[in-house]
Amino acid sequence: MRYVIDPTQKFDGAVITCMTDDVHCDFYGNTIEQIRERDHNPNLTTIGPEELNRLHKQYISDLHNGPVEEITEEDYWDSYNCLPPARVLPDMFFVGEPYHSDVFPFCFTAEGRYFRCRKRLNTPITQLREEVAHYMATLKSANA
């Protein structure tokens, strides 16, 4: 099994197509050369399952450790009420629909402010609390 990707682009969790027989696209029967021509992209290449697994793990890690954004109180409660939360903890929750795989939008409130980022659903509460505290300390030092 081979998967077609563009190695010059940041992996976003998806492949362009797959080739069960290692040579032809499963959907149109095209070879890698034909796909490069069709997509006007000479950078396209094929990778095996091991490399795809490595890229996917890195993608999930990047999502989990992605940026935090400040949101309004209204956005916080809209996120809470849009679907039943996947996990609720004091002053924080995971929105009920995953962003990708087991990575969910994660909302928290601290010091009267509201925030959203992405975290793995099974992240231990102690780790979540530590990450929130570290983020808030970083904000304070940046504003000092």
Side-chain angles (χ1 to χ4, degrees), residues 1-28 30-32 35-36 38-144:
M1 179 71 117
R2 304 295 292 173
Y3 302 92
V4 178
I5 65 163
D6 182 344
T8 65
Q9 300 294 314
K10 184 169 174 60
F11 184 72
D12 65 359
V15 297
I16 294 167
T17 191
C18 56
M19 300 173 155
T20 305
D21 69 359
D22 294 346
V23 177
H24 301 95
C25 164
D26 288 358
F27 302 100
Y28 304 107
N30 296 344
T31 63
I32 186 64
I35 296 168
R36 287 179 186 135
R38 180 197 72 196
D39 291 1
H40 307 289
N41 187 345
N43 300 312
L44 297 180
T45 190
T46 63
I47 59 171
E50 299 81 18
E51 178 66 5
L52 180 62
N53 190 36
R54 186 191 68 72
L55 289 171
H56 189 259
K57 283 181 180 178
Q58 182 61 51
Y59 175 69
I60 294 296
S61 176
D62 291 349
L63 285 178
H64 173 76
N65 296 307
V68 177
E69 66 175 326
E70 187 162 6
I71 59 174
T72 66
E73 181 179 10
E74 182 180 1
D75 287 341
Y76 179 88
W77 290 112
D78 283 349
S79 294
Y80 185 87
N81 291 317
C82 68
L83 292 167
R87 183 177 171 200
V88 178
L89 304 161
D91 299 322
M92 57 184 74
F93 66 92
F94 289 83
V95 176
E97 184 173 9
Y99 178 80
H100 180 82
S101 186
D102 68 339
V103 177
F104 285 69
F106 172 71
C107 298
F108 65 93
T109 181
E111 301 176 18
R113 297 167 71 182
Y114 301 86
F115 303 90
R116 178 175 39 229
C117 59
R118 297 180 187 126
K119 294 288 177 195
R120 296 184 89 156
L121 185 61
N122 63 352
T123 305
I125 188 170
T126 53
Q127 182 180 341
L128 292 171
R129 292 249 177 252
E130 288 169 7
E131 290 177 5
V132 167
H134 180 266
Y135 180 74
M136 296 308 291
T138 302
L139 277 183
K140 283 181 187 174
S141 67
N143 292 329

Counterpart residues, ring pair (Phe, Tyr, Trp, His ring centres under 6.0 Å), relative to Phe11 (two or more places apart) | none
Please test Asp6 against Thr45 for side-chain contact (heavy atoms from CB on, under 4.5 Å), starting from the C-alpha separation and ending with a verdict.
-> CA-CA 6 Å; Asp6 182 344; Thr45 190; over 6 Å; no
Any donor-acceptor N/O pair, Arg36 side chain to Asn41 backbone, under 3.5 Å = no
For residues 131-138, run the donor-acceptor check on the side chains, cut-off 3.5 Å, and write out each pair with its distance to 0.1 Å, sequence neighbours left out.
unit_1 : atom_1 : unit_2 : atom_2 : d
Glu131 : OE1    : Lys119 : NZ     : 2.6
Glu131 : OE2    : Gln127 : NE2    : 2.8
Thr138 : OG1    : His134 : O      : 2.8

Considering only heavy atoms from C-beta outward, does the side chain of Asn30 approach that of His24 to under 4.5 Å?
-> no
Looking at Phe115, Tyr114, Phe106, Tyr76, which one forms a ring pair (Phe, Tyr, Trp, His ring centres under 6.0 Å) with Phe93?
-> Tyr76
Ring pair (Phe, Tyr, Trp, His ring centres under 6.0 Å) against His100, all qualifying residues, sequence neighbours excluded | His56, Tyr59
Start with the C-alpha distance between Glu111 and Lys140, add both sets of side-chain angles, then the distance that settles salt bridge (Lys or Arg N to Asp or Glu O under 4.0 Å), and finish with yes or no.
-> CA-CA 11 Å; Glu111 301 176 18; Lys140 283 181 187 174; 3.1 Å; yes
Heavy-atom pair of closest approach, residues Arg118 and Val103 = CB-CG1, 3.7 Å
Looking at CD1 of Ile16 and SG of Cys18, how far apart are the two atoms once the value is rounded to the nearest 0.5 Å?
-> 12.0 Å
Where Val23 and Asp21 come nearest, the two heavy atoms and their spacing | N-OD1, 2.8 Å
Do Cys25 and Val4 have side-chain heavy atoms sitting under 4.5 Å apart?
-> no
Give every residue pair that meets the salt bridge (Lys or Arg N to Asp or Glu O under 4.0 Å) criterion with at least one member in residues 7-17, sequence neighbours excluded.
-> Lys10-Asp62
Looking at Thr72 and Asp75, what are the two nearest heavy atoms and their distance?
-> OG1-N, 2.9 Å
Measure the spacing between OG1 of Thr17 and OH of Tyr28 and express it to the nearest 0.5 Å.
-> 8.0 Å
Identify, with sequence neighbours excluded, every residue that meets side chain to side chain donor-acceptor pair (under 3.5 Å) alongside Asp22.
-> none
State the CD-CG distance between Gln58 and Asn53, to the nearest 0.5 angstrom.
-> 12.0 Å
Rounding to 0.5 Å, atoms CG (Leu52) and OG1 (Thr46) come to a distance of 11.5 Å
Compare every heavy atom of Leu121 with every heavy atom of Arg87, then report the nearest pair and how far apart it is.
-> NH1-O, 2.7 Å
Please, which pairs that meet salt bridge (Lys or Arg N to Asp or Glu O under 4.0 Å) have at least one residue in residues 92-102, sequence neighbours excluded?
-> Asp102-Arg120
Give, for atom SG of Cys107 and atom CE of Met92, the distance between the pair rounded to the nearest 0.5 Å.
-> 11.0 Å
Apply side-chain contact (heavy atoms from CB on, under 4.5 Å) to Phe104 and Thr123, showing your working.
-> CA-CA 11 Å; Phe104 285 69; Thr123 305; over 6 Å; no
What are the two closest non-hydrogen atoms of Gly96 and Leu83, and how far apart are they?
-> C-CD1, 4.1 Å
Might you work through the side chain to side chain donor-acceptor pair (under 3.5 Å) test for Thr109 and Asp91, ending with a clear yes or no?
-> CA-CA 5 Å; Thr109 181; Asp91 299 322; 5.9 Å; no
Walk me through it: do Arg116 and Glu69 pass the test side-chain contact (heavy atoms from CB on, under 4.5 Å)?
-> CA-CA 5 Å; Arg116 178 175 39 229; Glu69 66 175 326; 3.1 Å; yes
Are there more than 12 heavy atoms of other residues, nucleotides or ligands under 6.0 Å from atom CD of Glu74?
-> no
Taking every heavy atom of Asn43 against every heavy atom of Pro7, the minimum-distance pair comes out as O-CD, 3.1 Å
In this structure, are over 12 heavy atoms from other groups packed under 6.0 Å from Tyr80 atom OH?
-> no
Give the C-alpha distance, both sets of side-chain angles, the deciding distance and a yes or no for side-chain contact (heavy atoms from CB on, under 4.5 Å) between Ile32 and Met19.
-> CA-CA 9 Å; Ile32 186 64; Met19 300 173 155; 4.2 Å; yes
Say you draw a straight line from CD1 of Ile35 to CG of Leu44; how long is it, rounded to the nearest 0.5 Å?
-> 7.5 Å
